[in-house]
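Since the structure is predicted, the reported quantities are computational estimates derived from the model, not experimental observations. When a ligand or atom number is given, it counts from 1 through the structure's own listing order.
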Amino acid sequence: RSAIPFFREMDPEVTESLAPYLTERTFKKGTVIFVEGDEGDDVYFIRSGAVQIYTFDGTKKVMLAYLRDGDYFGEMAMMKPGAQRSASAEAAQLTKVYALKRNVFERLILDHPRLALYLLDDTMERLRKANQQIYDLTFLNVRTRIMKRLLRLAQENGTETPEGLLIGIKVTHQQIAEMVGAVRETVTKVFNELQEEGLIVIRQKMILLPNPELLVKRLQEEN
Ligand code: CMP
């Protein structure tokens with residue numbers, strides 16, 4: 001539990017005392033944890049794995065966030081009795097979580113106000129990111145959004161190799177499309193352009209940035 005920042009905000013004895021109220025659940029890759037519109041009264045803390053948060057209208061899917069171990073989700077509907085999930089959650093890898101019910105969570109916050117400050121800070125960070133996303137979708141073209149996204153993926157999951165910066169997770173064109181609000185065909189077209197320009201290289205279905213500085217430079221020039 002100490003790997004989860006939310007729990008680190010509490011004294012170890014408090015975290016220990018929570019053990020009986022935490023339900024451990026495991027989801028295989030691809031399992032839908034809940035669907036937008038469901039009612040939900042628990043919040044989930046990711047122990048290991050990754051969870052994709054998305055909204056889907058039956059045809060188009062938009063990824064709102066990609067959460068990893070240490071992150072939490074489901075707090076929005078959990079906070080308000082009867083509220084619906086504002087988005088869907090799917091395990092992007094084999095994922096283990098702790099689930100916590102509203103009544104326990106509320107008691108915890110009332111007893112330990114520092115937790116409320118932590119959540120507020122984190123919520124503001126999510127809002128900051130969402131505002132950035134609004135800006136990008138309003139003003140940047142698809143090619144630029146893809147380039148920016150690749151740099152962010154590299155920042156979050158990059159490993160230095162002799163050939164350049166390798167994005168250490170496999171992402172499909174479809175997933176990139178969902179991240180940047182585009183269709184798969186457009187991502188394929190832009191990827192072909194970026195490959196021809198030497199800005200990206202595909203290695204065993206993974207993306208390598210042979211010269212990330214050049215990608216940053218292009219990004220600045222094109223805006
Ligand atoms: P809830 O509405 O219960 O169910 C969907 C969850 O997705 C939501 O709670 C949040 O935990 C999470 N979520 C929704 N929008 C975002 C976002 N923009 N960034 C990060 N997480 C989000």
Among protein heavy atoms, which sits nearest to [atom], and what does the distance come to when rounded to 0.1 Å?
atom	answer
atom 11 (O) of ligand 1	Glu75 OE1, 2.5 Å
atom 15 (N) of ligand 1	Leu64 CD1, 4.0 Å
atom 8 (C) of ligand 1	Met76 SD, 3.5 Å
atom 6 (C) of ligand 1	Gly74 N, 3.9 Å

Within this structure, what is the [atom1]-[atom2] distance for the pair [X] and [Y], rounded to the nearest 0.5 Å?
X	Y	atom1	atom2	result
Arg145	Thr186	CZ	OG1	9.5 Å
Glu9	Asp121	CD	CG	9.0 Å
Leu64	Glu178	CG	CD	11.0 Å
Ser88	Phe56	OG	CZ	9.0 Å

Report, in ascending order of atom number, the atoms of ligand 1 lying under 4.0 Å from any heavy atom of [X].
X	answer
Ala65	19 (N), 20 (C), 21 (N)
Phe34	4 (O), 5 (C)
Phe73	11 (O)
Ala87	4 (O), 5 (C)
Ala77	1 (P), 2 (O), 3 (O)

Quiz prompt | Test: Glu197 and Arg143 ion pair at under 4.0 Å | solution =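 Yes, Glu197 and Arg143 are salt-bridged.
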Quiz item: Between Lys60 and Asp57, is the closest basic N to carboxylate O distance under 4.0 Å?
Solution: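 Looking at Lys60 together with Asp57, the answer is yes, because their closest N to O distance falls below 4.0 Å.
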Exercise. Could you tell me how the ring of Tyr44 sits relative to the ring of Phe73: parallel (under 30°), tilted (30 to 60°) or perpendicular (over 60°)?
Key: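 Rings of Tyr44 and Phe73: parallel, under 30°.
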Quiz item: Aromatic rings Tyr72 and Phe45: how do their planes relate, parallel, tilted or perpendicular, breaks at 30° and 60°?
Solution: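 The arrangement is tilted - the two ring planes meet at 30° to 60°.
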Quiz item: Less than 3.5 Å between some nitrogen or oxygen of Tyr72 and one of ligand 1, yes or no?
Solution: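 In this structure, Tyr72 places no N or O atom under 3.5 Å from an N or O of ligand 1.
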Quiz item: Does Ser86 reach ligand 1 with a nitrogen or oxygen that is under 3.5 Å from one of the ligand's nitrogen or oxygen atoms?
Solution: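 For ligand 1, there is an N or O atom that lies under 3.5 Å from one belonging to Ser86.
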Quiz item: What part of Arg126, side chain, backbone, both or neither, has a heavy atom within less than 4.0 angstrom of ligand 1?
Solution: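 Near ligand 1, Arg126 shows its side chain, while the N, CA, C and O stay back.
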Practice problem: Measure from atom 22 (C) of ligand 1 to every heavy atom in Ile53, Asp71, Asp42 and give the option owning the shortest one. | Solution: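 The option holding the nearest heavy atom is Ile53.
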Self-check item: Minimum-distance pair of heavy atoms, taken over all atoms of Ala177 and Val183
Solution: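 Here Ala177 and Val183 meet closest at CB-C, 3.7 Å.
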